[in-house]
Every structure is written in C-alpha cells, then in structure tokens.
Amino acid sequence: MKEFNRTTVTSALPYANGPVHIGHLAGVYVPADIYVRYLRLKGEEVLFVGGSDEHGVPITIKAKKEGVTPQDIVNRYHTIIKKSFEDFGISFDVYSRTTSPTHKELASDIFKTIYEKGGFIEQSSEQYYDEKVQQFLADRYITGKCPHCGNENAYGDQCESCGTSLNPTDLINPKSAISGSVPVMRETKHWYLPLDQHEAWLRKWILEDHKEWKPNVYGQCKSWLDMGLQPRAVSRDLDWGIPVPVEGAEGKVLYVWFDAPIGYISNTKELLPDSWEKWWKAEDTRLLHFIGKDNIVFHCIVFPAMLKAEGSYILPENVPANEFLNLEGDKISTSRNWAVWLHEYLEDFPGKQDVLRYVLTANAPETKDNDFTWKDFQARNNSELVAIYGNFINRALVLTHKFFDGKVPALGELTDYDKQTLEEFVHVKTDVEKLLDNFRFRDAQKEAMNLARIGNKYLADTEPWKVAKTDMERVATIMHLSLQIAANLAIAFEPFLPFSSEKLRCMLNLNSFDWKQLGHTNLLKTGDQLGTPELLFEKIEDITIEVQVQKLLDTKKANEAAAWKANSVKPNISFEDFQKIDIRVGTVLDCQKVPKADKLLQFRIADGIEERTILSGIAAYYPNPEELIGAQVCFIANFEPRKLRGIFSEGMILSAEDADGKLVLIQPKSTVSNGAEVK
RNA sequence: GGCGGGAUAGCUCAGAUGGUUAGAGCGUCGGAUUCAUAACCCGGAGGUCACGAGUUCAACUCUCGUUCCCGCUACCA
C-alpha cells in the first residue's frame, strides 16, 4: 500500500454553455465536496480543484446563434456556474477556467513536450468543410438522409431514427448544420495521441493494480482495453481554442478533450504559481477525479495516457464515477430545459442549500441511475431533516433553556444506559469514516443521521421532562449528554450539511471543531452559555412542492409544442377531385353533448336549405357547448351520412388539430349566408 | 449493431468471495408518549430478488438466452 501525504481532488469541469443543475451537483460536486471537507476536518493536506470548460464547437455554435462572441457566452455561464457552486458551499480551493492565460500556456507546454518527445503521430485525411462559414465540420454538424432508413435528418455520426452508426460520407445529400450549405471534401492534417502504444501499461495499471475501482469504472475500462485502443485526435480545425503550438498548424486548435483536463493542472498553477507541482508530480500525492459516468474512459485511459506521454506527472489513484440522476422519471436535459437549475432553486428555496445537498446525497446515483422527485425531496426534508435531526437539536436546546437557563449543566454519575448510548455513538464515527474512505457517501450520511436517531431515542427513554419533578441532578446529566450528542452532530454533518453545521455551532457557542473530536463527550464545558435556539430546518408545505411540479409540467408542455412538426403534405390531387367535396358554411342552431358519449357533440345546423344534424368529436375542447349556438362553422355537406351512437350525422364539421391534439373549429372571419360554399 | 452498467418491498435504494427466517429509510397499520416543528419512541404487515433455461447438495448471488432502462462506441462535448 502506497503512503500518501496529500490529496489532490478534481471535479469534472462543467461545460460553459449553460448553467449547472441538480444532476451536476449530485453526480460530481457534492460527493467531491463532502470528501474534501472530510479530509480537511481530519487536518489532512488537500487541494480541491474545479473550473469551467470553455472551448469546443457547441460554444461557437451557441455564440453564432445569439450573434455574440464565444467569449461572451463563456463569460456569462462561467459567472453563473461559479456563483452557483459558491452558493451551495462547494468549497473549491480554486475555480478557474480554460480560457485563462495560465491555462493557455500550460496546455501549450504540455502539447509541445509530448510533441518533442515524439509522442504524437501526424495524419492527413479528407473531411467535410463548410465553405460558407469557412470551417471544418464535426460529424455531429453534418446532416443528411440516412442511407438505411431514409430519415432526412440523420447526423454525420448516427441516425437517431434507426440508431445506425454512420460516417459523414454515408449521408445522402449532406448539409452543414451550421449554415445549411453543401459541404465539400477538403484535406486536413491532425495530430493523434497513439493510445494503442500505451495499451500495455494501461492494461496492467488498471486491470491488475486497480481492481478496487467501482464496477462501472473498471468494467468500462476493461471493455475499451479489450477492444483495442486506437490513436485519438488531439487537434481540430477551429478558431475557438488553444492554437496548436507547432509550425504548420495554422487554424488548428487543441481538441477540447485534450485541453480541458489540463485545466485541472493549470488552475492549480494559477492558485499556487510556486508550489503547484507537488500537487501533480510528487509521488506521495494521491490524485482523485470525481466525474460522471460519461467521462470514465477519458479520465481512466486518455488523460492518464497524456500524462504518461508527457512524463513528469502522477496518475490518478481512483476515479469515483457516479451514474446519472434523472428528474421525475426523465433524463435531465439542458437543451430541453428538463432540469432543476441551481440558481433557480436558490430563488425558490433561499437558504435551503443543505436540504438539496442532503437529498441529493441520500439518493445519490452511486451504483445506478437514480430518480429525483419533488415529492421525495419534501419527504426527506420533513421526515428526516426536520423530524429527526432538527427536532432532536430543538428538543435538547429547549429543554436546556427550560431547566438550566441555557447553560450546559454538570455531568453526574453515568447509568448503564448512558454508557450504552455513548458506546453506540462512538461507533458512528468509525462507521462514517469507513464509508467515506470508500466513497460511499449515501451510506455515510445515513450513518451520521443515526446519531440524531440515537439522541432522540436517548431522550425518549430517559424522559428528562418527567425526571425533572424528582431529580434535577439526573436531568443535568441527561441534558449534558444530549448536548454533547448535538455537538457531535455538528461535526459529523459538517461535510454533508456545512451551512447547518455552522448554524448549530453558533447555537451551541462552539468555537471550532475537528474530526478527531467526533465521538467525544467533552466538546461542551459545564457552565458554557448556549446561544438562542433556532429551528435548524423548516417544514416544506405541499403547496411549495406543487408549484415546482407544475413548473416542470409546464416545461414538458412547452417542449411538446416546440417538438411539434407539421405532417408532410399528401400526394397532389386534381381540381376535379377537390370539386367533389362540397364544403359549406352554416349556423349552429343548437348544440349539446351526446349522452353517454365522452367525445361527441350534437349540432343542429342551418345550412341555407334546411336543417341538418351533425355529430362532431370535439366535446373535450368545448366544455360549454351551448356557447356555440349562433356561431357559424364550416362543414362538408356531401359527406355520406353515418350513424354514431344511434344518431345520423349528416356531414362533418371542420376543425384544425393543434400541436397538443386540441381541436379548434374552423369559422369564417365575418358572417356569411348560410349555405355559402367554401372554395 | 458491438461493448459496459443496471432491473430487489407501495416509493427511493443497500445487499464482499453462492449457505439457515433477503435488508434500510420513507410510506402504511397498531401501540406508547407529550420536552419537541402533530414531531419523537416501540412494534407489525409488505418481496417466486425482470423473465426463461442451466451448473450445484444449495443461486438474489455463477453461466447462457430474452425483455426493458442508462452509458460508451474513438471527430458530440
């Protein structure tokens, strides 16, 4: 077992083309933050690095769409993202960005070093080029007709209609997704990192030396290694990014995947210009990458290969990747606005950062994709944070104020039951530690919560409010111990719920604490004056949750409307065909629901000659049919009569079907004679 | 299509190397209690462990097949 003296913790760099949401928090930043806070509390040397990933094609596309520069886009989102992390107490030592000068310099240096060592191969190939916007097109930005299923909107890498993987050259009638113009083939040269040459040591390093990695991480790496590694491009033709720092590379930038992870290092360097190297090059430094499952191969294979090729860096000791968090049963999606955005959450739930941190940890996607629901959020707040933790603290403080004027009472003789309780909560410390050391944050938090359960049980069993009538000394001991448990809770929850721990610390008038004190009963001294008791957590009412659920339902509706596309036009018909249809205007004389039929309305229509009855299946959209009386509608007059629900319908009333399936009557703009023909 | 991960109580999830009655929290039902944000505390009910075969004295656990969800598939980032 290797000996480590310090730990470098990185968390995946969020891509700066949108704000961050609960999925980011649950998968990466909360677990990383818990771990880092835990190490800090233990007094270990630790550095927590984050930053925004600001290069790459999607940002340039977004900028073009909005008519601003890529720098404008990343400035906007970097600011929002950074603030969200600060607000949620994600305790980065540094949060910088890949557009920083330090990063540009370091990324260039690393590229150059590998280049000079002959660590890249150069290769030319033909690629699609958009002459209108003068840039090469990534596969994703070429669309055309799928050769397999005929879908007109297949992407250059895959047809989403039939699922087939494609090459851009497979597409029939390719078009640039950026400008819509027809792309041409053009030769271009790129640098590749020959991963195949790194395969042997990667295989040993991962498959033999790191069997302790999580199954999802280990499994995916094994899968890649078994398939055989291929050279991977590290440059691309683009004007947004870090220029490839060698001759003959005009117009080429580092591929964003190459540049982004170096951001971990350059952000460290920006913070510690003189001492950054020990965090990245010293053998006694333990490097950990917190990421989501979509990043596994990159952090376990590609980035290590880059670092090895450079030659002077250490490799990650573990990569605790999480699965994904879903929202109310659906995949979280930035583009579909299916997310709970952190900055919006704080507007709706000011001061409730810890509640979200708690819920996301309690239901963290550690072994498989999990689901976030608002109902669960409410339940965890009300029946765990409020009822178990908050309630215990409140009981302990209120009782102390009631019986001892808010001063820590003296500890008397311990009963066997007292000792038994103390023993239980000493266990909590070792259990939480063991779980945190293994990145099992969900269970660790549950174990911390057990401390509050122990406290509640202790009060219920010792019943100080009863004993107070006969034996105040005994009450003093009970409250003394209860307050010590409360102080322990502040420590145990600090990594998970930093804001609440701080609040509790103030209520208890504790100066400071560290992890070593956990499990001890001398955190508070007899006679210490406690602060004013406040509620640690508040109940969340049904109405609050309903508002959030409604917000999501609205989003869903808006998405459906946005996704709606008009049906393609039917084959042409002749004028003679059209003439066969006799469409007329008539006035509604009477209109009512057909009994025992959900959808049908029965119309009595004046058609200019006589009256006729027509049935129409629009009842759901006209809940008050009598309001239609007097209105003019269009109908097909020569439709074969048809019996519906025992009634003859003599024609068909015309409606337009909206995106959501809603039917809307077609009516003339101004009143016309009954029987007027529609031509 | 190929590969990887997953499918376990009403809900959200745990279940090293196969071994007697499969666990937790919430919810639910019953009891006790009143210091506390109608909260806490005690107890009960609830599962052919996705489906179908196979290996084994023994399978939630191993093998094969099927279905569904998620991810990766090397120029989406």
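Every chain is numbered from 1, with letters handed out A, B, ... down the list of sequences.
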What's the spacing between N75(A) CG and I80(A) CD1 if we round to 0.5 Å? 11.0 Å

Whole angstroms only, please: what is the CD-C1' distance between E538(A) and rU37(B)? 9 Å

Interatomic distance where CD1 belongs to I478(A) and C1' belongs to rC41(B) [whole Å]: 15 Å

Walking RNA chain B from its 5' end, the first of K446(A) and A460(A) to be reached, judged by nearest nucleotide, is K446(A)

Determine the interatomic distance between P on rA77(B) and the same-named atom on rG10(B); round to the nearest Å. 45 Å

Using a heavy-atom cut-off of 4.0 Å across all strands, would you classify F537(A) as base, sugar-phosphate, or nothing? base

Hey, does V57(A) have a side-chain heavy atom less than 4.5 Å from the side chain of T60(A)? yes

Taking N and O atoms by type only, does the side chain of Q127(A) place a donor or acceptor under 3.5 Å from a partner on the base of rC75(B)? yes

Taking the side chain as every heavy atom from C-beta outward, state whether L536(A) and M507(A) have any atom pair closer than 4.5 Å. yes

Just call it for V302(A): base, sugar-phosphate, or nothing, with non-hydrogen atoms closer than 4.0 Å on any strand. nothing

Of the listed rG71(B), rC26(B), rC75(B), the closest approach to the K331(A) side chain comes from rG71(B)

Take R380(A) and D376(A), measure what side chain to side chain contact (heavy atoms under 4.5 Å, CB included) needs, and give me the verdict at the end. CA-CA 6 Å; R380(A) 294 218 184 254; D376(A) 179 61; 3.5 Å; yes

To the nearest angstrom, the CE-P distance between M449(A) and rG25(B) comes to 12 Å

Which nucleotide, rA36(B), rC26(B), rC70(B), lies nearest any side-chain atom of N394(A)? rA36(B)

Distance between C1' atoms of rA74(B) and rG27(B) (Å, rounded): 47 Å

Find which nucleotide of RNA chain B each of L229(A) and L535(A) is nearest to by heavy atoms, and output the residue with the more 5' nucleotide. L535(A)

Residues F537(A), Y358(A); criterion ring-ring contact (aromatic ring centres under 6.0 Å, His included); working and verdict: CA-CA 12 Å; F537(A) 302 99; Y358(A) 180 81; 7.9 Å; no

Can you tell me which nucleotide in rA36(B), rU33(B), rC70(B) comes closest to the side chain of D369(A)? rC70(B)

Compare the minimum distances between each of rC41(B), rC75(B), rA39(B) and the side chain of A387(A), then state the nucleotide with the smallest one. rA39(B)

For atom C1', what is the distance between rG23(B) and rC49(B), given to the nearest Å? 12 Å

Under 3.5 Å between N/O atoms: give me all the protein pairs with nucleotides 7-12 of chain B, atom names plus distance.
unit_1  : atom_1 : unit_2  : atom_2 : d
rU12(B) : O2'    : N363(A) : OD1    : 2.5
rU12(B) : O2'    : N363(A) : ND2    : 3.4

Using a heavy-atom cut-off of under 4.0 Å over every strand shown, decide if G18(A) touches base, sugar-phosphate, or nothing. nothing

Winner on side-chain proximity to E384(A), out of rC26(B), rU73(B), rC70(B), is rC26(B)

Distance check needed: rG27(B) C1' versus N382(A) CG, whole Å only. 13 Å

Would you say T99(A) and E54(A) are linked by a side-chain donor-acceptor pair, where the criterion is simply a distance under 3.5 Å? yes

Check this for me, if you would: do E366(A) and K214(A) make a salt bridge, where the nitrogen-to-carboxylate-oxygen distance has to be below 4.0 angstrom? no

Suppose we call two aromatic rings close when their centres sit under 6.0 Å apart. Are Y264(A) and H299(A) close by that rule? yes

Between P of rU73(B) and CG of N295(A), the distance in whole Å: 10 Å

Taking atom types as modelled, is there a side-chain donor on H103(A) or D259(A) under 3.5 Å from an acceptor on the other? yes

Measuring only the C1' atom in each nucleotide, how far is rG43(B) from rG5(B)? A whole number of Å is fine. 39 Å

When all nucleic acid strands are considered with a 4.0 Å heavy-atom cut-off, which category describes P464(A): base, sugar-phosphate, or nothing? nothing

Is there a donor-acceptor contact under 3.5 Å linking the side chains of E212(A) and N438(A)? no

Would a line drawn from the ring center of Y255(A) to the ring center of H190(A) be shorter than 6.0 Å? no

When we call it a touch if two heavy atoms are under 4.0 Å apart, what does H55(A) touch: a base, just sugar-phosphate, or nothing? sugar-phosphate

Side-chain atoms of V256(A) come closest, of rA77(B), rA74(B), rA36(B), to rA77(B)

To the side chain of S383(A), which of rG25(B), rG27(B), rU33(B) is closest? rG27(B)

Counting heavy atoms from C-beta on, name the nucleotide in rC41(B), rC35(B), rA74(B) closest to the side chain of K402(A). rC35(B)

Specify the separation, in whole Å, of atom CD1 of I296(A) and atom C1' of rG5(B). 8 Å

Give a yes/no on whether any side-chain N or O of Y255(A) is located under 4.0 angstrom from OP1 or OP2 of rC76(B). no

Please verify the inter-ring angle class for W257(A) with F298(A); under 30° counts as parallel, over 60° as perpendicular, anything in between as tilted. parallel

Find the runs of at least 3 consecutive base pairs, i with j, i+1 with j-1 and so on, that include RNA chain B, using Watson-Crick or G-U wobble geometry with both distances under 3.5 Å. B:1-7 with B:67-73, B:10-13 with B:23-26, B:28-31 with B:41-44, B:50-54 with B:62-66

Counting the atoms with a prime plus P, OP1 and OP2 as sugar-phosphate, which does V386(A) contact under 4.0 Å by heavy atoms, base, sugar-phosphate, or nothing? base

Within this structure, what is the CD-to-P distance between Q378(A) and rC26(B), rounded to whole angstrom? 15 Å

Any salt bridge between K434(A) and D443(A), counting N to O under 4.0 Å? no

Tell me whether the OP1 or OP2 atom of rA74(B) has a side-chain N or O from R236(A) closer than 4.0 Å. no

In plain terms, say whether R203(A) and D226(A) are close enough for a salt bridge, that is, a side-chain N and a carboxylate O under 4.0 Å apart. yes

Give the nucleotide from the list rG71(B), rG4(B), rU33(B) with an atom nearest to the side chain of S223(A). rG4(B)

For the side chain of Y192(A), starting at C-beta, report the closest nucleotide among rA77(B), rC75(B), rG71(B). rC75(B)

Within the 4.0 Å heavy-atom criterion, would you say Q220(A) contacts the bases, only the backbone, or no part of the nucleic acid? sugar-phosphate

Would you measure the distance from the P atom in rG18(B) across to the matching atom in rC60(B) and give it in whole Å? 13 Å

Please report the distance separating the C1' of rG25(B) from the corresponding atom of rG46(B), rounded so that it comes out in whole Å. 15 Å

Classify the nucleic acid contact of L536(A) as base, sugar-phosphate or nothing, counting any heavy atom under 4.0 Å across all strands shown. base

Rounding to an integer number of Å, can you tell me how far I301(A) CD1 sits from rU73(B) P? 11 Å

Counting only side-chain nitrogens and oxygens, does K539(A) get under 4.0 Å of the OP1 or OP2 atom of rA39(B)? yes

In whole angstrom, give me the gap between the C1' atoms of rU8(B) and rG1(B). 31 Å

Using atom C1' in both nucleotides, what's the gap between rC51(B) and rA7(B) to the nearest angstrom? 11 Å

Identify whether any heavy atom of K466(A) sits under 4.0 Å from a base atom; if not, whether one sits that close to sugar-phosphate; answer base, sugar-phosphate or nothing. sugar-phosphate

